[in-house]
There are 4 protein chains.
Amino acid sequence: MSTPPAFKRLPRAVREQQMLDAAVKVFSRRGFHAASMDEIAEDAGISKPMVYAYLGTKEELFVACLHREGTRMMQAIAGAAAPDLPADERLWRGLRAFFGFVGAHRDGWAVLYRQARGEQPFAAELAGMRARMVEVIAGMLDHALRAEGREVGETELEVVAYALVGATESLADWLADHPEEDSARTATRMMNVAWLGAGQLLHGASWRPPAE
Amino acid sequence: MSTPPAFKRLPRAVREQQMLDAAVKVFSRRGFHAASMDEIAEDAGISKPMVYAYLGTKEELFVACLHREGTRMMQAIAGAAAPDLPADERLWRGLRAFFGFVGAHRDGWAVLYRQARGEQPFAAELAGMRARMVEVIAGMLDHALRAEGREVGETELEVVAYALVGATESLADWLADHPEEDSARTATRMMNVAWLGAGQLLHGASWRPPAE
Amino acid sequence: MSTPPAFKRLPRAVREQQMLDAAVKVFSRRGFHAASMDEIAEDAGISKPMVYAYLGTKEELFVACLHREGTRMMQAIAGAAAPDLPADERLWRGLRAFFGFVGAHRDGWAVLYRQARGEQPFAAELAGMRARMVEVIAGMLDHALRAEGREVGETELEVVAYALVGATESLADWLADHPEEDSARTATRMMNVAWLGAGQLLHGASWRPPAE
Amino acid sequence: MSTPPAFKRLPRAVREQQMLDAAVKVFSRRGFHAASMDEIAEDAGISKPMVYAYLGTKEELFVACLHREGTRMMQAIAGAAAPDLPADERLWRGLRAFFGFVGAHRDGWAVLYRQARGEQPFAAELAGMRARMVEVIAGMLDHALRAEGREVGETELEVVAYALVGATESLADWLADHPEEDSARTATRMMNVAWLGAGQLLHGASWRPPAE
DNA sequence: TATGAATGAGGGTTCATTCAT
DNA sequence: GATGAATGAACCCTCATTCAT
């Protein structure tokens, strides 16, 4: 009798996670607008008013999803890329963690992120996530650069980070369409593109537009 | 009475373009779902039933927008990247054309595209656009490789092209959010990341994951 | 063929009146909150979206009712109380018209007005109506006073008019609850209370509080 | 165990008063429908089920508010207007008490009363309150009349009482909008209108409609 | 006693879409 | 060809009310 029976009345924290799980699932399947609160509630096995009581408006719910999933992903990446490793290894581990996460949480991040980009009300939340991500990546690069005595402007770093993120997302899509591919191998591929390019940059190589 | 009247009722083709102009404007300002057929019709200076008569359903209308804008963009790129130039110059010109287009048509492409990525019904159309782009880029790379007597597996090429496309799209978003940035400069930035990395790859360099 | 058949597609102006008729009826039967837009639409023999298209929000609809009924009432009163009559006769005619209106439009005025008094969003509209009424009555009294060479401060007039309006409204409620009562008789009753009191005031009589 | 515990949990009567206080506050601020049981419970610092356990349904709760506030007001008035005083002084004291009460309990009666008039379910309760009020006022008047050897029909008395109540309420509103006015002065003003008119009536004066 | 958890029911509002003129 | 009139279908959200602890 020490194991509690499967209660119907669950404590708030548990129910909130259930709701978020359902919401992430439905939002990613249908898209923000097409998702209905009814479906989310039903999928969470609870009535609609509870969703409103605990997580608020549809928009607020979406932001909560974004927040939870974003945080999980950042933790996965940050946990993988120990700051005392050399830059390329950190990047490699980070990428591997990222692709692993995206592969495992197809619903969670990739789709929420894609949804969010299209809708204005989430600009703020997204900007925050993006900023943290860019910061992490730019941090890695900057660290490596300084180790070699080089320095690059903030905008430069941001742009590189942006490009890496975009390329990574794109490969994540590609991975999603090629289930036979293994995520580690995809990460390696990404490293090949990213690191060789970024590595060149780090070493001072630079491409210049031809004279017209 | 025998001379044709000065058309107040414009010919169908013209009307359709007006509608598409209005639709592109409204879709990008509001997003696909938040855009209303009422607003589009009003903005086009025409009644709603006409929109349905000429361009069909809201989804069909959006696809038509996507199609027109996508075609325009592909033409802009294709026209810029003459096939007889060396690969890096073709890529550079293509990128410059792309970023130039995105910069000039903030409404048009960048935003529609961002919308479309989030919604399932447009997956097909989008996949098509992206496929065409990947094909073009892969073609460029392959061309360059063969010119140097090298050859790379199809999958490799596709992956690299995918990554480049993703990085480029990501920078396009970045450009859309930084109106003060010059589009040619953004293209140069992209080249720096892309070409140095891809160029290394093409010449046989390769990064390998560390032994764990 | 000259008499048009009973069309189903009626012009906007007609439909708006039908909707207002239905709204007045339902609002007075159920009260503002308990009234449902569904019932109003059904009673008007039309679908809900038309109500929203023509008359807007539930609140706006209620205000429109208030406005129409209030205007009708003011016109009835103004038309009855010709400005060239002596003050008591003007007041009498005004009251008779007022109670006549209330008796004939139980739904319209008495109830809407009763509803409106309880709800904050309509305070402005109501205050406006009451202000116009107070102004009219104060005007009558002032006119009469000046005809007798007397003059009273503006505040005094306003207070008297306010009291008269309140007493009248209260008797209108009473009338609404006593359908067997004749409205002219109620008007006479009101005159007895109002005029004798107000008349005394006008002639300089005044009551003073006893020393405590 | 035989000694009653030092109540932390307040005795029922006290809790009920707290709830009524909160309910009166919320009902008058929001109106009956817009008021939510949640807000009332929260404002009372107690959980919702307790409200239901102690005071029943929302409607029953409102009736309880109406009842308590109405009773308080009647007591204030009755306590002020000692039955052995002359009629005008009784009326004067009653009015002063009424305005004082309304001024001091802006939340309390006047607002609840206004709410109640718009909603059917409270017709019974309201009729009762009104009857007591009319009875008190009519009692004053009747007393005075009989002292002068005159007698007036019940309906007449009721109508006069009604008009006085309406005028008084209206001046209470006016007072609310003119905070610089003192309530005793407003009561005096009301007396001027009411008593002079009613006083005339009591002494046999009467206004007659003109022949048409 | 006291409350957090839970819900059935319903209301306002909007929209894509289509007739009938 | 062109449009005002019209609607079915949902969706978001709230609330009074009640269990189960």
Side-chain angles (χ1 to χ4, degrees), chain A residues 4 7-16 33-41 44-54 56-61, chain B residues 7-12 15 33-41 45-54 56-61, chain C residues 4-5 7-16 33-41 44-54 56-61, chain D residues 5 7-12 15 33-41 45-54 56-61:
Chain A
F7 285 115
K8 294 209 173 160
R9 298 287 175 106
L10 296 173
R12 175 170 184 149
V14 176
R15 276 276 132 96
E16 279 183 348
H33 271 105
S36 85
M37 293 299 268
D38 278 278
E39 187 177 356
I40 292 172
I46 211 160
S47 73
K48 234 190 321 179
M50 288 305 295
V51 181
Y52 281 90
Y54 283 176
T57 285
K58 191 186 185 184
E59 270 188 19
E60 289 166 350
L61 175 58
Chain B
F7 286 125
K8 269 183 228 169
R9 319 218 166 151
L10 301 169
R12 173 163 187 148
R15 274 273 141 95
H33 271 103
S36 81
M37 294 298 268
D38 277 278
E39 188 177 356
I40 291 172
I46 217 165
S47 75
K48 241 188 316 178
M50 290 306 302
V51 180
Y52 281 88
Y54 280 8
T57 283
K58 190 187 184 185
E59 272 187 17
E60 288 165 350
L61 175 57
Chain C
F7 286 116
K8 294 208 172 160
R9 299 290 176 103
L10 297 173
R12 175 171 184 149
V14 175
R15 276 276 133 94
E16 280 184 348
H33 270 105
S36 85
M37 293 298 268
D38 278 280
E39 187 177 357
I40 292 171
I46 212 158
S47 72
K48 236 189 321 178
M50 288 304 295
V51 181
Y52 282 88
Y54 284 177
T57 286
K58 192 185 185 186
E59 271 189 18
E60 288 165 351
L61 175 58
Chain D
F7 286 126
K8 266 184 230 167
R9 317 209 169 162
L10 301 169
R12 174 164 187 144
R15 275 272 143 96
H33 271 104
S36 81
M37 293 299 268
D38 278 278
E39 188 177 355
I40 291 172
I46 218 166
S47 74
K48 241 187 316 177
M50 290 306 303
V51 180
Y52 281 88
Y54 278 9
T57 283
K58 190 186 183 186
E59 273 186 17
E60 289 165 351
L61 176 56

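Below, chains carry the letters A, B, ... as their sequence lines are ordered, and counting in each starts from 1.
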Take the protein atom CD of Glu60(D) and the nucleotide atom P of dA16(F), then report the distance between them rounded to whole Å.
-> 14 Å
Is there a side-chain polar atom (N or O) of Tyr54(A) under 4.0 Å from OP1 or OP2 of dG4(E)?
-> no
So what does Met50(A) hit on the nucleic acid, given a heavy-atom distance under 4.0 Å: a base, only sugar-phosphate, or nothing?
-> base
Short side-chain N/O contact to dA2(F) OP1/OP2 from Arg15(B), under 4.0 Å = yes
d(Arg15(C) CZ, Arg9(C) CZ) to nearest 0.5 Å is 9.5 Å
Could you please name the option among dA6(F), dG11(E), dC11(F) that lies closest to any side-chain atom of Arg9(C)?
-> dA6(F)
Check Ala41(A) against Ser47(A) and note the closest heavy-atom contact, atom names and distance.
-> CB-C, 4.0 Å
Taking atom C1' of dG11(E) as reference, at what distance in whole Å does atom CD1 of Ile40(C) sit?
-> 12 Å
Nucleotide dA10(F), atom C1' - distance to NZ of Lys58(A) in whole Å = 11 Å
Is the phosphate of dT14(F), meaning OP1 or OP2, less than 4.0 Å from a side-chain N or O of Tyr52(A)?
-> no
For the base of dT13(E), is there a side-chain donor-acceptor partner from Lys48(C) under 3.5 Å away?
-> yes
Compare side-chain N and O positions of Thr57(C) against OP1 and OP2 of dT13(E) and report whether any pair is under 4.0 Å apart.
-> yes
With rounding to the nearest 0.5 Å, note down the distance linking NZ in Lys48(A) to OH in Tyr52(A).
-> 6.5 Å
Of the listed dA16(F), dT7(F), dC19(E), the closest approach to the Pro49(B) side chain comes from dC19(E)
dT18(E) P sits how many Å from Met37(B) CE, rounded?
-> 10 Å
Between the NZ atom in Lys58(C) and the CE atom in Met37(C), the distance rounded to the nearest 0.5 Å is 7.5 Å
To the nearest Å, how far apart are Glu39(B) CD and dC15(E) P?
-> 10 Å
On DNA chain F, more 5' by nearest nucleotide between Asp38(A) and Ala53(C) is Ala53(C)
Heavy-atom nearest nucleotide on DNA chain E taken for Gly56(C) and for His33(B); more 5' hit belongs to Gly56(C)
Judged by atom type as modelled, is there a donor-acceptor pair below 3.5 Å linking the side chain of Thr57(C) to the main-chain atoms of Glu60(C)?
-> no
Which part of the nucleic acid, if any, lies within reach of Ala35(B) when heavy atoms closer than 4.0 Å are counted: base, sugar-phosphate only, or nothing?
-> sugar-phosphate
Would you mind telling me which of dA16(F), dT7(E), dT3(F) lies closest to the side-chain atoms of Ser47(B)?
-> dT3(F)
Separation of Arg12(A) atom CZ from dT21(F) atom C1', in whole Å?
-> 18 Å
Rounded distance in Å - CG (Leu61(A)) to C1' (dC13(F)) | 13 Å
Touch check for Ala34(C), heavy atoms < 4.0 angstrom, all strands: base, sugar-phosphate only, or nothing?
-> nothing
So what stems show up for DNA chain E if we need 3 or more Watson-Crick or G-U pairs in a row, all under 3.5 Å?
-> E:2-21 with F:2-21
